[in-house]
Amino acid sequence: MESQKKYKPKFSFEFFPPKTLEAVGKLQTTTERLAQLKPSFFSVTFGAGGSTRERTFETVMDIYKKTGIDGVPHVSCIGSTTEEIKTILDSYIEGGIRNVVALRGDLPSGSIGGGPLRYASELVEFIRQETGDHFHIEVAAYPEFHPQAPSAQKDLENFKRKVDAGADAAITQYFYNPDAYYRFIDSCEKLGIEIPIVPGIMPIVTCTQLCRFSEACGAEIPRWILKRLQEFGDDRASIQEFGIEVTTKLCEQLLTNGAPGLHFYTMNQSAASVEIWKNIGIDQ
Ligand code: FAD
């Protein structure tokens, strides 16, 4: 973990672009609450193939205008042409945005057409080639490994390709087993990777939602957590109380051991993230 301890911890929140007017209003309330905590940035996801292109842009610009806190757009390359990606990057440069999260993305099942940039490393290379050092580039990291990776070692090597292509920092997929993260960092150090790798934190709000996401992205829910969640059944209050306790402990351990910040997957809700933040006593 030595490589991580030299970085000043950064704390951030992730949103997805809202679809309806009602959801826009709800996200505004969430953003206002979370802005009071003074995070380093709010990031906004991007639907692969450009499906949320305008909404991601509008949400990012709106966040900055209303809170003064950096809005960081995710940009994914799968299913998009290089011209489309260049247009997106240009619009962010014009809007004064200096940070992006660069991803491959996942096309919805049944979609065809990968596009010329096949991996996030190629997207990072493209961003550097087209925009030089304008953007601070974040990429994704997988302490429990990406579900499509042929092997753990190959996945690490592929992660290194993103760093070598010019990524400045990384945010991990969420996990509940901190050892997976520590070991991942140690493996990165052995490969000479020294960028900050910030743990992604998924507050536990419902059992069904967590299981669905974890199945899709390959994140492991430890058996002791799953068993407890299943036993709570429809008792949402108990699930949330248990979830906050588990996630608070995880965050405390990670920070004590030198993690360079935390990135919360908020699902556009503020309550659990605020509670965890207060429990840990983050003082920005
Ligand atoms: P990559 O780094 O390209 O890796 C994908 C797979 O390809 C891995 O298995 C890797 O080992 C393999 N690979 C990489 N390079 C090579 C190579 N040269 N040869 C062979 N294999 C290779 N998805 C969205 O659609 N929108 C979002 O906004 C979004 N935000 C995210 C934010 C974070 C912090 C994280 C962790 C994930 C996010 N995702 C998002 C999900 C992400 O798009 C998926 O996990 C996707 O499947 C992989 O994206 P990646 O950028 O990690 O891909």
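In listed order, ligands and their atoms are each counted from 1. A quick note: this is a predicted structure, and the numbers were derived from the prediction, not measured.
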*Kindly compute the distance separating CD1 (Ile97) from CG (Leu89), expressed to the nearest 0.5 Å.*
12.0 Å
*Looking only at protein heavy atoms, identify the closest one to atom 24 (C) of ligand 1 and say how far it is in Å.*
Phe46 O, 3.5 Å
*Consider every N or O of Ser121 and every N or O of ligand 1, then say whether any pair is closer than 3.5 Å.*
no
_So if I count the atoms of ligand 1 from 1 in the order they appear, which ones are less than 4.0 Å from some heavy atom of Ala140?_
35 (C), 36 (C), 52 (O)
*Nearest to atom 44 (C) of ligand 1, what protein heavy atom do you find, and at what distance?*
Asp106 OD2, 3.3 Å
*Glu189: which of Ile185, Ile193, Leu191 passes side chain to side chain contact (heavy atoms under 4.5 Å, CB included)*: Ile185
*Is Arg104 touching ligand 1 with its side chain, its backbone, both, or neither, if touching means heavy atoms under 4.0 Å apart?*
both
*N-O pairing of Asp179 and Arg183 below 4.0 Å*: no
_Interfacing atoms of ligand 1 (cut-off 4.0 Å, heavy-atom, Ala149)_ = 9 (O), 11 (O)
*Salt-bridge criterion met for Lys160 and Glu157 (N-O under 4.0 Å)*: no
*Check Asn177, Asp155, Thr172 against Glu144 for a side chain to side chain contact (heavy atoms under 4.5 Å, CB included) and give me the one that passes.*
Asn177
*Indicate, with yes or no, if the rings of Trp277 and Phe13 have centres closer together than 6.0 Å.*
yes
_Please list, in number order, the atoms of ligand 1 under 4.0 Å from a heavy atom of Ile171._
34 (C)
*For ligand 1, does Phe159 get within less than 4.0 Å through its side chain, its backbone, both, or neither, judged by non-hydrogen atoms?*
neither
*asked:* Looking only at protein heavy atoms, which one is nearest to atom 33 (C) of ligand 1, and what is the separation?
replied: Tyr265 OH, 3.8 Å
*Under the 4.0 Å line, does any protein heavy atom show up next to atom 4 (O) of ligand 1?*
no
*asked:* Using a 4.0 Å cutoff against the non-hydrogen atoms of Gln173, which atoms of ligand 1 qualify?
replied: 36 (C)
*May I ask you to decide whether Asp186 forms a salt bridge with Lys190, counting only side-chain N to carboxylate O separations under 4.0 Å?*
no
*Would you mind checking which non-hydrogen protein atom is closest to atom 20 (C) of ligand 1, with the distance to 0.1 Å?*
Tyr119 OH, 3.4 Å
*Is there a side-chain contact between Val100 and Glu138 (heavy atoms, below 4.5 Å)?*
no
*Considering heavy atoms of the protein only, find what lies nearest to atom 40 (C) of ligand 1 and give residue, atom and distance to 0.1 Å.*
Leu103 CD1, 4.0 Å
*Which of the listed options, Thr172, Asn158, Val124, holds the heavy atom that is closest to atom 12 (C) of ligand 1?*
Asn158
*Taking only heavy atoms of Arg161, which atoms of ligand 1 are found under 4.0 Å from at least one of them?*
18 (N)
*Starting from atom 9 (O) of ligand 1, which protein heavy atom do you reach first, and at what distance in Å?*
His146 ND1, 2.9 Å
*Could you tell me the residue and atom name of the protein heavy atom closest to atom 32 (C) of ligand 1, and the distance to it rounded to 0.1 Å?*
His74 CE1, 3.6 Å
Side-chain donor/acceptor pairs under 3.5 Å, residues 32-43, sequence neighbours excluded:
residue: Arg33; atom: NH1; partner: Ser270; partner atom: OG; Å: 3.4
residue: Ser40; atom: OG; partner: Phe11; partner atom: N; Å: 3.4
residue: Ser43; atom: OG; partner: His74; partner atom: NE2; Å: 2.7

*Option nearest atom 50 (P) of ligand 1 (shortest heavy-atom distance, choices Phe16, Tyr142, Phe145)*: Tyr142
_For Phe46, all residues meeting ring-ring contact (aromatic ring centres under 6.0 Å, His included), sequence neighbours excluded_ = none
*Indicate, with yes or no, if the rings of Tyr142 and Phe159 have centres closer together than 6.0 Å.*
no
*Is Ala141 close to ligand 1, meaning an N/O of one under 3.5 Å from an N/O of the other?*
no
_Do Thr59 and Phe16 make a side-chain contact, defined as non-hydrogen atoms from C-beta onward lying under 4.5 Å apart?_
no
*Hey, is Asp155 one of the residues with a heavy atom under 4.0 angstrom from ligand 1?*
yes
*Please state whether Lys162 comes within less than 4.0 angstrom of ligand 1, counting heavy atoms only.*
yes
*With a 4.5 Å heavy-atom cut-off, do Asp133 and Arg128 have their side chains touching?*
yes
_Among all the protein's non-hydrogen atoms, which is closest to atom 23 (N) of ligand 1, and how far away is it?_
Gly105 CA, 4.0 Å
